[in-house]
Amino acid sequence: MNITFDKNEKASAVMTITVEEADYQADVKKALNDYRKKANIPGFRPGQAPIGMIKRQIGAQVKVDTINRLVGSKLYDYVKENNINMLGEPMPHLGEEPVDLDQPAPYTLKFDIAVAPEVDIKLTKSNKIVYYNISVDDKMIDQQIDAYASRGGSYEKVDAYEDNDMLKGDLRELNEDGTTKEGGIEVSEAVLLPNYMKVDEQKALFQGCKVGDIITLNPKKAYPESPIEVSSLLKITKEEAANVNSDFSYQITEISRYKKHDVNQELFDQVFGKDAVKDEKEFRSKIAEQLKEQLNANAEYRFLADVRAYVEKKLGKVEYDDELMKRIMLANNKDKDQKFVDDNYEASVKELTWHLAKNKLLEQTGVKIEDADVKEVAKEMTKMQFAQYGMNNIPDEYIEQYAEEMLKKPEQVDQLVNQAADRKLMTALKSVVTLNEKEISFEEFSKLK
């Protein structure tokens, strides 16, 4: 077998593979003999059918399969052995006629190979990049305390309605004259949140109401564009709700008001664990530490984004074999058309260029991604997910368990590896480049483009 690799001026090459009969003959013979041993052919005992008959039945297909496997194996071996950074899969050479394997060998197969362009990037102390130090202020701490108090609150019963209160009562469908409709829709302990009604006129019916009051409302008017909300309130199907236009009486049996949790020891324990915080001063201090950790993560990812923008500008336009790359992109998106490829090509190539540059920077800084790094990211992600629900004191064994489950999902592992690489690269680059440090408030940071 002979293989040649002809590099083009663009980031591509043509690989030519010439296959001789001797390259595949032994494998074809073995495959046919293996089939013969297992074949159950009428008139012959297992394994005793004439090899000539086996050849006539499946010889052509076995030959094709064997040559395809052989060519694929040798192609990838060549790429690996010669350190060729191939992008995507090899494509049949454009304009080349399919090889007729029914004809005698030799067979010459050609493939178009997209090759990663050389991305020449190196960062040093001469490169200055902004690094934002985001400050934590009292306003942010107050907002976080308010969020914790809201999450830890509860409903308490009251006598008179105010905005945002929750009502419970009995609904009865009415006739046009206001009397209760016989056989009409009735719902006991129906829950209403008047503040979420879409029509102010219906919402206003509940202002100042008290337990025991009877209100006449029209669900269709209260939720004119939402049969789902009407069906949920009346406990009927969405299709049935579309035909309900009646007024309903609603006798209020209970009014509940959500009260935020007091900022006290019980709240401290809910947020940070039993006796981890003793007073409000410590509570604020602990929250400030928590916020600072979150803001540092924001600052670091902003730093990496600024590094990326700096590198992309420094590299300028990186040349690809656009025609070949688009063919590969179309082949990788079999459910999409050429318009999708054309519309998304530039963004895809931009992302690829950054991927190549990032690998170069990882190589320059000597960063290696270990299993422990990936697991640490999984644990951090788990903690963040729990923290979104105000759960900050989850035992370590549960964090470990959730992280392990994450690592069992292949679709998540790539994301975790990428995040681990970003994290280690950020740390490494901070000591490689010159940091132009800037103090900034979170509000100002949020407005950065």
Side-chain angles (χ1 to χ4, degrees), residues 121-149 263 268 271-272 276-277 279-315 354 357-358 360-362 364-369 372-374 376-388 390-393 399 415-449:
I121 187 68
K122 185 176 182 180
L123 297 179
T124 66
K125 286 293 182 185
S126 64
N127 305 119
K128 295 181 180 180
I129 299 176
V130 174
Y131 187 88
Y132 294 100
N133 291 309
I134 311 169
S135 58
V136 176
D137 56 29
D138 286 338
K139 182 181 176 182
M140 290 179 67
I141 296 172
D142 290 339
Q143 288 173 339
Q144 189 61 52
I145 290 175
D146 187 67
Y148 283 139
V263 180
F268 306 157
V271 175
F272 292 112
V277 170
D279 54 36
E280 189 170 346
K281 183 179 179 182
E282 283 188 23
F283 190 49
R284 295 181 70 85
S285 177
K286 198 84 170 173
I287 288 173
E289 290 175 18
Q290 189 183 65
L291 289 171
K292 187 62 180 173
E293 189 176 331
Q294 293 170 6
L295 295 178
N296 285 345
N298 290 346
E300 297 225 320
Y301 281 106
R302 173 69 198 206
F303 171 67
L304 189 62
D306 286 340
V307 168
R308 174 173 175 167
Y310 184 91
V311 166
E312 287 174 343
K313 185 176 180 181
K314 193 174 174 67
L315 285 174
W354 168 239
K358 189 166 79 169
K360 202 79 171 178
L361 292 173
L362 287 167
Q364 179 200 334
T365 54
V367 169
K368 304 290 184 187
I369 311 303
D373 300 320
V374 180
E376 188 59 33
V377 172
K379 288 163 71 173
E380 289 299 322
M381 283 185 66
T382 301
K383 288 177 185 177
M384 286 172 60
Q385 288 170 0
F386 279 117
Q388 288 175 353
M391 302 166 72
N392 297 290
N393 52 343
I399 298 294
Q415 179 189 356
L416 293 171
V417 169
N418 195 44
Q419 287 191 22
D422 285 350
R423 179 180 292 190
K424 293 192 79 170
L425 182 60
M426 282 185 287
T427 302
L429 287 177
K430 282 193 290 183
S431 61
V432 170
V433 302
T434 298
L435 299 181
N436 181 13
E437 298 194 48
K438 290 186 177 181
E439 298 292 328
I440 191 171
S441 70
F442 180 69
E443 189 175 350
E444 292 171 321
F445 182 81
S446 301
K447 294 176 182 176
L448 293 174
K449 294 181 180 178

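Taking the side chain as every heavy atom from C-beta outward, Leu429 and Ile129 never approach each other to under 4.5 Å. A 4.5 Å side-chain heavy-atom check between Lys281 and Asp279 finds at least one atom pair inside the cut-off. Using a 4.5 Å cut-off on side-chain heavy atoms (C-beta onward), Phe386 and Ile399 make contact. For the pair Arg308/Leu304, no side-chain contact is recorded, criterion being any heavy-atom separation below 4.5 Å from C-beta on. Counting only heavy atoms from C-beta outward, the side chains of Ile134 and Glu444 never approach each other to under 4.5 Å. Looking at Gln290 and Gln294, their side chains come closer than 4.5 Å, going by heavy atoms from C-beta outward.
When the options Ile369, Thr365, Leu362 are evaluated for a side-chain contact (heavy atoms from CB on, under 4.5 Å) with Lys424, the one that passes is Ile369. Here the options are Met426, Glu300, Lys438, Arg302, the test is side-chain contact (heavy atoms from CB on, under 4.5 Å), and the partner is Tyr131; only Glu300 passes.
With rounding to the nearest 0.5 Å, the separation of CG in Asp422 from OG1 in Thr427 is 10.5 Å. Taken to the nearest 0.5 Å, the CG atom of Asn298 stands 6.0 Å off from the CZ atom of Phe442. Here the CZ atom belonging to Phe445 is positioned 10.5 Å from the CG atom belonging to Asn133, to the nearest 0.5 angstrom. Note that the CD atom of Glu312 and the CD1 atom of Ile121 stand 10.5 Å from one another [nearest 0.5 Å]. The distance from atom CG of Leu416 to atom CD of Glu380, rounded to the nearest 0.5 Å, is 12.0 Å. Within the model, atoms CD1 of Ile287 and CD of Gln144 stand 6.0 Å from one another, a figure rounded to the nearest 0.5 Å.
Between Leu295 and Met140, the shortest heavy-atom distance links the atoms CD1-CE, 3.7 Å. Between Ala288 and Val136, the shortest heavy-atom distance links the atoms O-CG2, 4.0 Å. Ser431 and Ala428 make their closest contact through OG-O, 2.9 Å (heavy atoms, listed as atom of the first residue, atom of the second, distance). Heavy-atom minimum distance, Asp306 versus Val130: OD2-O, 4.1 Å. Scanning all heavy atoms of the two residues, the minimum distance from Ser135 to Ser441 falls at OG-CA, 3.7 Å.
A salt bridge is defined here as a Lys NZ or Arg NE, NH1 or NH2 lying under 4.0 Å from an Asp or Glu carboxylate O, and Asp373 with Lys368 fails to meet this definition. Under 4.0 Å is where a charged nitrogen must lie from a carboxylate oxygen, and between Glu282 and Lys286 no such pair does.
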**Asked** Run the side-chain contact (heavy atoms from CB on, under 4.5 Å) check on Asp137 and Glu443 step by step: do they pass?
**Response** CA-CA 10 Å; Asp137 56 29; Glu443 189 175 350; over 6 Å; no
**Message:** Go through it in stages, so that I can follow the logic: the residues are Glu289 and Glu293, the test is side-chain contact (heavy atoms from CB on, under 4.5 Å), and I'd like the CA-CA distance, side-chain angles, deciding distance and then a yes or no.
**Reply:** CA-CA 6 Å; Glu289 290 175 18; Glu293 189 176 331; over 6 Å; no
**Stepwise side-chain contact (heavy atoms from CB on, under 4.5 Å) test for Val307 and Leu123** = CA-CA 10 Å; Val307 168; Leu123 297 179; 4.2 Å; yes
**Request:** Take Leu448 and Ile440 through the side-chain contact (heavy atoms from CB on, under 4.5 Å) test and state the conclusion after the steps.
**Result:** CA-CA 11 Å; Leu448 293 174; Ile440 191 171; 4.1 Å; yes
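Environment of CD in Glu437: crowded, with over 12 heavy atoms of neighbouring residues, nucleotides or ligands closer than 6.0 Å. More than 12 heavy atoms of other residues, nucleotides or ligands shown are found within 6.0 angstrom of NZ on Lys125.
Between Phe268 and Phe283, the angle of the ring planes lies from 30° to 60°, which puts this pair in the tilted group.
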